[in-house]
Peer 1: 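Input: one structure, supplied below.
Every chain is numbered from 1 and lettered A, B, ... according to where its sequence line falls, protein lines coming before strand lines.
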Number of protein chains: 2
Amino acid sequence: MNADPWEPPAVLLAVDLVILTLRDARLHVLLVERGIEPYSGALALPGGFLADAHEDIEEAARRELSEEAGLVDVHLEMLGVYGRPGRDPRGRVVSVAYLAIAPSLPEPIAGTDAASACWMRVDDVLSTQVDLAFDHRHIVGDGVERARAKLEQTALATAFCAETFTISDLQQVYEAVWGVRLDPRNFYRKVQNARGFIVAAGPMRRTENGRPARLFKAGPARTLYPPMVRSAQASAEDAGEAAAPVTAQGGQQT
Amino acid sequence: MNADPWEPPAVLLAVDLVILTLRDARLHVLLVERGIEPYSGALALPGGFLADAHEDIEEAARRELSEEAGLVDVHLEMLGVYGRPGRDPRGRVVSVAYLAIAPSLPEPIAGTDAASACWMRVDDVLSTQVDLAFDHRHIVGDGVERARAKLEQTALATAFCAETFTISDLQQVYEAVWGVRLDPRNFYRKVQNARGFIVAAGPMRRTENGRPARLFKAGPARTLYPPMVRSAQASAEDAGEAAAPVTAQGGQQT
DNA sequence: AGAATAGTGTCTTTCAGACATTATTAG
DNA sequence: CTAATAATGTCTGAAAGACACTATTCT
């Protein structure tokens, strides 16, 4: 089984980026219009092949992040590998997908060399409203699912925010990514109780419409304790059900 | 940036398996002795290259699982991609690691064609007691970390158990994987309260030393609610600590 | 004075952790 | 009987969800 003159098959290695951000309180993903076959003209995730045989995979992801989205120093983590035979008509292409989280920026996209890049609402992408090349819709779904899960247990939410932010800003992140409404008062308490999640950023404040809010910045904690738990409903969706009524009813006590 | 006659670099794609199981209440990982260069004679994770250019990656993982460990129908999930240039002296080899969970089986290994396979204690592997080829020690660490985390939120623990099991069996899984001691009475209650985690398997029972225990089988739930939380200590190890009470006094009202 | 948002407090239920107690087997 | 493990119960504190209330700004 070993010393054969057999040669293992070679594959082409690509990286694809699921870059998420918040725009007007909605979760968006960055897509580019493909300029070459296959799927020329279709929307796709930013990405590309390894530049050369010596490039590290994460390095390639950061390069594409910079080239195609003009982003540096953003959160980046490996999401998964997508290598189903036949997913790319050019041959055996295996793609390593990365999840990137970008803070809400005013400008559409910065120094992009693919000027065709645009932010699309994730709901539209996932609900067949928008067609994507390859299996990219599936990858986006996995990326969003990863983000949803990590918001519970880690401080990932701060990656969606600017250097400093208010607790409302942070709440918008949770609401947009989870697709739920949260009680501001309970949210406030929970965020404050999560040790090391956020720390006060000077005695500054900020103005908008009502009372000015305190500013915070990301704290030292990477994992949250206590975690930011989603309600039983949200988490238990795939829990097999029959899973007890959860007691929840309007609550008509007294 | 597109219509060049440029050719992207090709890589060799391998799969590596982190197969975890419980043996006498300890977490073990399956290793094989390499028969070929590089690292001939050294211990390594079971795995190998894609069989041909049309083989799906997970299919390759299941094939290796069967060939090298004689295991079928076990839990299998993608763990990550390890493709650092230079990790394999033969050239650019990118390895997709999978995490497999096998139930405790009496026999060492079944119909293995690599007769050199052996179960090693994970603690020994991770604490430099045992040398592994390539970056496989690192991969084992990632696999164990994944298992630890998933035990909290998912029903993964049942994958370590046989078809039916007692609550003590399940507790041993948690204790071995997390490396902690748990209170049997609290564990009993928590497991029972996790909706859909385990369901009674007939009114049968089993004998050992003390009172016979009820038998259960895995329930329908994939995610646990409420989750099986590790103590604050364990989870908050990297929580930054010194993490001030926040209380932020930007405005010292009153 | 609104309207709007920020921040605090309170009450009830659920669950985690510590630990007593009872139940059912083997010797 | 004792030893051993299984199963249930009880108490306390932490935290979640619902929601009243106060605080600080703008118009």
Peer 1: Any side-chain N or O of A:S168 below 4.0 angstrom from OP1/OP2 of C:dT5?
Peer 2: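 So the side chain of A:S168 is outside the cut-off, no N or O lying under 4.0 Å from OP1 or OP2 of C:dT5.
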
Peer 1: How long is the gap from CG on B:L76 to CD on B:E64, to the nearest 0.5 Å?
Peer 2: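 Nearest 0.5 Å value for the CG-CD distance: 11.5 Å.
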
Peer 1: Is any side-chain N of the basic residue among A:D24 and A:R26 closer than 4.0 Å to the acidic one's carboxylate O?
Peer 2: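 Not counted as a salt bridge, because no side-chain N and carboxylate O are separated by less than 4.0 Å.
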
Peer 1: I'd like a table of donor-acceptor pairs (distance under 3.5 Å, sequence neighbours excluded) in which one partner is a side-chain atom from residues 157-165 of chain B, with atom names and distances.
Peer 2:
residue	atom	partner	partner atom	Å
B:T158	OG1	B:A155	O	2.8

Peer 1: Quick one: which protein N/O atoms are closer than 3.5 Å to N/O atoms of nucleotides 2-4 of chain D? Pair and distance per line, please.
Peer 2:
none

Peer 1: Within the structure shown, what part of the strands sits under 4.0 Å from B:N193 by heavy-atom distance: base, sugar-phosphate, or nothing?
Peer 2: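 No contact at all - B:N193 keeps every heavy atom at 4.0 Å or more from the nucleic acid.
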
Peer 1: Identify the residue among B:V18, B:V15, B:L17 that makes a side-chain contact (heavy atoms from CB on, under 4.5 Å) with B:L45.
Peer 2: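 That would be B:V18.
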
Peer 1: Can a donor-acceptor pair under 3.5 Å be found between the side-chain atoms of A:R189 and the base atoms of C:dG9?
Peer 2: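 Absent.
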
Peer 1: Starting at atom NZ of B:K190, determine the distance to atom C1' of D:dT8, rounded to an integer number of angstrom.
Peer 2: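 B:K190 atom NZ is separated from D:dT8 atom C1' by 18 Å.
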
Peer 1: Rounded to the nearest 0.5 Å, what separation is found between the CG atom of A:D16 and the CD1 atom of A:I139?
Peer 2: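 Those atoms lie 5.0 Å apart.
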
Peer 1: By nearest atom, which of the nucleotides C:dA16, D:dC19, D:dA7 is closest to the B:A213 side chain?
Peer 2: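 The closest nucleotide is D:dA7.
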
Peer 1: Is the distance from OP1 or OP2 of C:dG17 to the nearest side-chain N or O of B:R230 less than 4.0 Å?
Peer 2: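 Result: no.
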
Peer 1: In this structure, how many angstroms lie between the P atom of D:dC21 and the CG atom of A:D183, rounded?
Peer 2: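 Answer to the nearest Å: 15 Å.
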
Peer 1: Please state how far atom CZ in B:F165 lies from atom C1' in D:dA6, giving the value in whole angstrom units.
Peer 2: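 Atom CZ in B:F165 sits about 16 Å away from atom C1' in D:dA6.
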
Peer 1: Could you check how far OH of B:Y225 sits from C1' of C:dT14, rounded to whole Å?
Peer 2: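 Between C1' of C:dT14 and OH of B:Y225: 8 Å.
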
Peer 1: Nearest to the side chain of B:P212, heavy atoms from C-beta on, is which of C:dT8, C:dA18, C:dT24?
Peer 2: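 The answer is C:dT24.
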
Peer 1: Over how many whole Å does the gap from B:L170 atom CG to D:dA7 atom P extend?
Peer 2: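 That distance rounds to 12 Å.
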
Peer 1: Got a sec, which pairs hit side-chain hydrogen bond (donor to acceptor under 3.5 Å, both in side chains) with one end in residues 138-149 of chain B, sequence neighbours left out?
Peer 2: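 Only B:E77-B:R146, B:Y82-B:D142 qualify under side-chain hydrogen bond (donor to acceptor under 3.5 Å, both in side chains).
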
Peer 1: Walk me through whether B:V173 and B:Q171 qualify under side-chain contact (heavy atoms from CB on, under 4.5 Å).
Peer 2: CA-CA 5 Å; B:V173 173; B:Q171 181 176 345; over 6 Å; no

Peer 1: For a quick test of reading the model: is some side-chain N or O of B:R181 closer than 4.0 Å to OP1 or OP2 of C:dG17?
Peer 2: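 For C:dG17, neither OP1 nor OP2 has a side-chain N or O of B:R181 closer than 4.0 Å.
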
Peer 1: Tell me: CE of A:M228 to C1' of D:dG17, nearest whole Å?
Peer 2: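 In whole Å, D:dG17 C1' and A:M228 CE are 13 Å from each other.
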
Peer 1: For B:D124, check side chain to side chain contact (heavy atoms under 4.5 Å, CB included) against everything at least two apart and list the hits.
Peer 2: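 Partners of B:D124 under the side chain to side chain contact (heavy atoms under 4.5 Å, CB included) test: B:R121, B:Q129, B:V130.
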
Peer 1: Which part of the nucleic acid, if any, lies within reach of B:R214 when heavy atoms closer than 4.0 Å are counted: base, sugar-phosphate only, or nothing?
Peer 2: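 Counting heavy atoms under 4.0 Å across all strands, the contact made by B:R214 is with sugar-phosphate only.
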
Peer 1: Taking OP1 and OP2 of C:dA6, is either one under 4.0 Å from a side-chain nitrogen or oxygen of A:Y188?
Peer 2: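 No, no such contact exists.
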
Peer 1: Among residues 156-164 of chain B, which ones have heavy-atom contacts with DNA chain C below 4.0 Å?
Peer 2: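 The stretch gives none, as no residue of it lies under 4.0 Å from the strand.
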
Peer 1: Once rounded to the nearest 0.5 Å, what's the spacing between atom NE2 of B:H28 and atom CG of B:L20?
Peer 2: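 It is 11.0 Å, given to the nearest 0.5 Å.
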
Peer 1: Partners of A:F187 by ring pair (Phe, Tyr, Trp, His ring centres under 6.0 Å), sequence neighbours excluded?
Peer 2: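 Ring pair (Phe, Tyr, Trp, His ring centres under 6.0 Å) list for A:F187, sorted by chain: A:Y174.
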
Peer 1: Given atom CD of B:Q171 and atom C1' of D:dT5, what is their separation to the nearest angstrom?
Peer 2: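 So the CD-C1' distance, B:Q171 to D:dT5, works out to 11 Å.
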
Peer 1: Can you tell me the distance, in whole Å, between the CG atom of A:N186 and the P atom of C:dT8?
Peer 2: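 Interatomic distance, CG of A:N186 to P of C:dT8: 14 Å.
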
Peer 1: Consider the side chain of B:R185, meaning its heavy atoms from C-beta on, and name the nucleotide among C:dG7, C:dA20, C:dC15 that approaches it most closely.
Peer 2: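 Among the listed nucleotides, the one closest to the side chain of B:R185 is C:dA20.
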
